[in-house]
Amino acid sequence: MSPADSNPSQPAAGNHSGPSDNSPTRRSFADEAGQVEDSEEGVRRHMRDIAEVAAVEVITTSAVHLMSAAAVKCGLAAGEDAEELKDLDEARKLITALAGFVTAAAPEIGSQHAGPLRDGLRSLQLAFREASIIPDAPGQGPGEKYTGPVN
């Protein structure tokens, strides 16, 4: 992985469509993932890899990715640039998606997996409330339509 690939704030090599200054550039997962293998063997290998992973692991891993992204967008990133990475509009979207995802997945994955995800979600909702200049009314915060009011 090249330095540009490991740092999402740097534009990808050859990507000149973004601003010419040093401001952060938004990138998609497709940009990060690189090229998808076109060969039939590559497709079969990916299918075998996916088939070996239990559904509960896919669900919890996906939830953790949403949590991590939301934490960064709430300004909870480790490092000196945490405040620069804060984007509460983006955090709201991620937390709401996480709340819906965890609420829908909980009956399928069981309380031993859903409990920690709910705890992490609640922590993010509280962090969002603390980071907001104008707090949402009870029940109106990110994801609260799925989880109920968070205090």
Side-chain angles (χ1 to χ4, degrees), residues 1-37 46 49-50 52-151:
M1 187 180 275
S2 72
D5 292 337
S6 64
N7 186 350
S9 67
Q10 298 296 317
N15 180 2
H16 300 292
S17 61
S20 59
D21 63 0
N22 290 333
S23 64
T25 303
R26 294 195 188 258
R27 295 174 60 185
S28 70
F29 279 133
D31 293 339
E32 296 294 321
Q35 299 290 41
V36 176
E37 289 187 40
H46 286 296
D49 291 347
I50 291 169
E52 294 174 4
V53 180
V56 69
E57 187 174 338
V58 174
I59 292 166
T60 55
T61 299
S62 299
V64 169
H65 283 292
L66 285 168
M67 281 184 186
S68 298
V72 169
K73 299 295 184 175
C74 281
L76 302 175
E80 299 168 7
D81 60 346
E83 192 63 30
E84 294 173 28
L85 299 173
K86 183 166 40 172
D87 184 337
L88 294 180
D89 183 51
E90 292 285 305
R92 178 182 295 277
K93 293 171 188 172
L94 290 163
I95 294 168
T96 299
L98 176 63
F101 187 64
V102 170
T103 300
E108 303 299 324
I109 62 175
S111 60
Q112 71 273 21
H113 297 288
L117 295 178
R118 285 187 187 117
D119 292 344
L121 170 60
R122 183 175 186 281
S123 295
L124 285 168
Q125 289 171 310
L126 292 171
F128 182 92
R129 184 174 300 270
E130 188 175 307
S132 297
I133 295 170
I134 302 171
D136 295 312
Q140 300 300 309
E144 290 183 358
K145 66 182 174 184
Y146 301 110
T147 64
V150 175
N151 299 337

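Here the structure is a predicted model, which is why all the values come from computation and not from measurement.
Counting heavy atoms from C-beta on, the side chains of V102 and L98 come closer than 4.5 Å. Looking only at side-chain heavy atoms (C-beta outward), L124 and P142 stay at 4.5 Å or farther from each other.
Surrounding CG of N151 are at most 12 heavy atoms belonging to other residues, nucleotides or ligands under 6.0 Å away. For CD of Q112, the number of neighbouring non-hydrogen atoms (other residues, nucleotides, ligands) closer than 6.0 Å is greater than 12.
In this structure, E144 and Q125 approach most closely via the heavy-atom pair N-NE2, 3.8 Å. Of all the heavy atoms in L117 and H113, the pair that sits closest is CG-O, 3.4 Å. The nearest pair of heavy atoms linking A91 to A70 is CB-O, 4.2 Å. Residue A127 comes nearest to L76 through the heavy atom pair CB-CD1, 3.7 Å, listed as atom of the first residue, atom of the second, then distance. Contact record, C74 with L88: CA-CD2, 4.2 Å, taken as the closest heavy-atom pair. Closest non-hydrogen pair, F101 versus I59, comes out as CE2-O, 3.4 Å.
Proximity of a side-chain donor or acceptor of D87 to a complementary backbone N or O of E90 within less than 3.5 Å is detected. Distance alone, capped at 3.5 Å, places no donor-acceptor pair between the T103 side chain and the G100 backbone. Judged purely by atom type and a 3.5 angstrom limit, R92 has no side-chain atom pairing as donor or acceptor with the backbone of F128.
Taking the charged nitrogens against the carboxylate oxygens, D89 and K73 have no contact shorter than 4.0 Å, which rules out a salt bridge.
Distance CZ/R122 to CD1/I95: 13.0 Å, rounded to 0.5 Å. With values rounded to the nearest 0.5 angstrom, L85 atom CG is found 12.0 Å from E80 atom CD.
Judged as a side-chain hydrogen bond (donor to acceptor under 3.5 Å, both in side chains), and not counting sequence neighbours, R118 has no contacts.
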